[in-house]
Amino acid sequence: MIPRHPSRIFRSRWAALLWAAGVIFTAVTFIGFGDKESHQAAAVIEDATGTNISNSDLAVLANFAGG
């Protein structure tokens, strides 16, 4: 991905943008955007003890913090 003379890329903004777009395209091509199941699994919040945190717990913390 890195060219022989990297300083040439950043002489022009357009060349730098095209190079960055190529890097992002390559990353998305190999890794992908992910699936919905992994995002839903990450939505479950746990505290340090491993207990799930509910919305009422978050409301108590927000009230305590003054928010």
**Q** So which heavy atom on E46 is nearest to which on N52, and how close?
**A** CG-OD1, 3.4 Å
**Q** Taking only residues two or more places apart in sequence or in another chain, which ones pass side chain to side chain contact (heavy atoms under 4.5 Å, CB included) with N55?
**A**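 So N55 forms a side chain to side chain contact (heavy atoms under 4.5 Å, CB included) with L58.
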**Q** CD1/I24 to OG1/T29 distance, rounded to the nearest 0.5 angstrom?
**A** 11.5 Å
